[in-house]
Amino acid sequence: MLSLAFSDAEYISPDTISPSDVCASVERWVLPVVGRTLLDKVEQGDSPTLAEEYLLPAIAACVRMDIQPRLNVATSQLGLSVVAGSNNKAADVDMRAEQMLSLRQRARALLRRLTDHLEEHSGEYPEYSSAANVMLRVSSDGGFVQIL
């Protein structure tokens with residue numbers, strides 16, 4: 001999952017992302033796209049191509065987007081602090097906002113790619129329901145929320 005969410009130049013410890021981080025992102029972003037029934041089937045090992053090529057990249061992007069704010073700060077008994085080492089300087093507000101926009105756009109593009117695949121191959125996934133897919137009902141392209 002880490003290699004899908006982070007590029008080669010971005011190292012984080014595998015312990016940084018917990019199973020609950022993945023579950024929360026799946027519940028928030030992926031479940032409204034694929035539905036519980038199809039997600040359960042994929043978790044049982046059905047549709048490995050769907051899982052590897054479409055679902056896992058979308059999940060990784062959503063997890064990355066959700067945990068990034070937590071990576072920007074350190075939490076201890078003394079509260080929040082920014083990373084400040086001899087070779088590092090904390091990113092300013094504009095840089096953090098730019099990165100979050102990029103992460104949101106990436107996650108949205110991968111969710112749209114997943115949706116397009118499900119729509120084009122709906123016969124292969126009888127558990128999938130187009131009517132329940134939030135990506136086909138709500139759009140925020142261009143900064144405006146549109147209900148379709």
Side-chain angles (χ1 to χ4, degrees), residues 1-43 47-121 125 128-148:
M1 174 86 55
L2 283 175
S3 64
L4 293 173
F6 293 87
S7 69
D8 292 341
E10 302 170 306
Y11 173 78
I12 67 165
S13 167
D15 297 336
T16 303
I17 299 175
S18 71
S20 63
D21 291 326
V22 176
C23 287
S25 292
V26 167
E27 290 288 324
R28 182 176 182 194
W29 300 107
V30 179
L31 187 61
V33 173
V34 300
R36 174 70 62 199
T37 307
L38 179 57
L39 194 58
D40 288 346
K41 293 280 285 184
V42 172
E43 286 177 349
S47 306
T49 300
L50 174 64
E52 292 294 321
E53 294 183 24
Y54 297 93
L55 202 51
L56 286 177
I59 291 170
C62 292
V63 170
R64 169 73 190 269
M65 177 178 57
D66 283 347
I67 69 163
Q68 186 60 50
R70 194 176 73 219
L71 296 176
N72 292 342
V73 296
T75 304
S76 70
Q77 291 177 333
L78 301 174
L80 291 177
S81 60
V82 293
V83 177
S86 60
N87 297 325
N88 292 326
K89 178 183 171 196
D92 64 23
V93 173
D94 291 337
M95 290 165 61
R96 289 192 310 269
E98 186 176 284
Q99 182 185 39
M100 285 306 299
L101 175 61
S102 174
L103 293 174
R104 275 192 302 276
Q105 289 172 336
R106 180 173 180 255
R108 185 160 178 78
L110 288 169
L111 288 170
R112 187 168 301 279
R113 179 176 178 262
L114 172 60
T115 292
D116 290 347
H117 175 77
L118 291 171
E119 289 295 311
E120 291 169 10
H121 300 90
Y125 310 111
Y128 171 69
S129 169
S130 291
N133 186 337
V134 72
M135 295 291 287
L136 300 174
R137 294 184 285 133
V138 178
S139 174
S140 62
D141 293 331
F144 296 99
V145 175
Q146 302 169 3
I147 299 175
L148 310 170

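Since the structure is predicted, the reported quantities are computational estimates derived from the model, not experimental observations. This chain uses plain numbering: 1 for the first residue, then up along the sequence.
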Can you measure from [atom1] ([X]) to [atom2] ([Y]) and round to the nearest 0.5 angstrom?
X      : Y      : atom1 : atom2 : result
Glu119 : Met135 : CD    : CE    : 11.0 Å
Ser102 : Arg64  : OG    : CZ    : 8.5 Å
Glu98  : Asp92  : CD    : CG    : 9.5 Å
Leu31  : Cys23  : CG    : SG    : 11.0 Å
Asp66  : Leu71  : CG    : CG    : 11.0 Å
Cys62  : Arg28  : SG    : CZ    : 9.0 Å

Assess the residue pair Met65 and Gln105 against the criterion (side chain to side chain contact (heavy atoms under 4.5 Å, CB included)); give the C-alpha distance rounded to whole Å, side-chain angles, the decisive distance to 0.1 Å, and a yes or no.
CA-CA 10 Å; Met65 177 178 57; Gln105 289 172 336; over 6 Å; no

Check step by step if side chain to side chain contact (heavy atoms under 4.5 Å, CB included) holds for Leu38 and Leu118.
CA-CA 10 Å; Leu38 179 57; Leu118 291 171; 3.7 Å; yes

Just checking, is any N or O donor in the side chain of Asn133 or Ser130 under 3.5 Å from an acceptor N or O on the other one?
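Side chains of Asn133 and Ser130: no pair found under 3.5 Å.
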
Atom CD of Glu43 with >12 non-hydrogen neighbours under 6.0 angstrom:
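Atom CD in Glu43 is packed in, count exceeds 12.
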
Of all the heavy-atom pairs spanning Ala107 and Ala61, show the shortest one and how long it is.
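That would be CA-CB, 3.7 Å.
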
Considering all heavy atoms of both residues, which atom of Ala51 and which atom of Pro57 are nearest to each other, and what is their separation?
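Heavy atoms only, the tightest pair is O-CD, 4.2 Å.
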
Side-chain heavy atoms of Leu114 within contact of Leu50, under 4.5 Å
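Side-chain contact under 4.5 Å: yes.
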
Could you check Leu101 against Arg104 for side chain to side chain contact (heavy atoms under 4.5 Å, CB included), going step by step and ending with a plain yes or no?
CA-CA 5 Å; Leu101 175 61; Arg104 275 192 302 276; 4.1 Å; yes

Short question: side chain of [X], backbone of [Y] - any donor-acceptor pair under 3.5 Å?
X      : Y     : result
Asp40  : Thr37 : no
Ser25  : Asp21 : yes
Arg113 : Ala58 : no

Mind running ring pair (Phe, Tyr, Trp, His ring centres under 6.0 Å) on His117 and Tyr125 for me, showing each step along the way?
CA-CA 10 Å; His117 175 77; Tyr125 310 111; 5.7 Å; yes

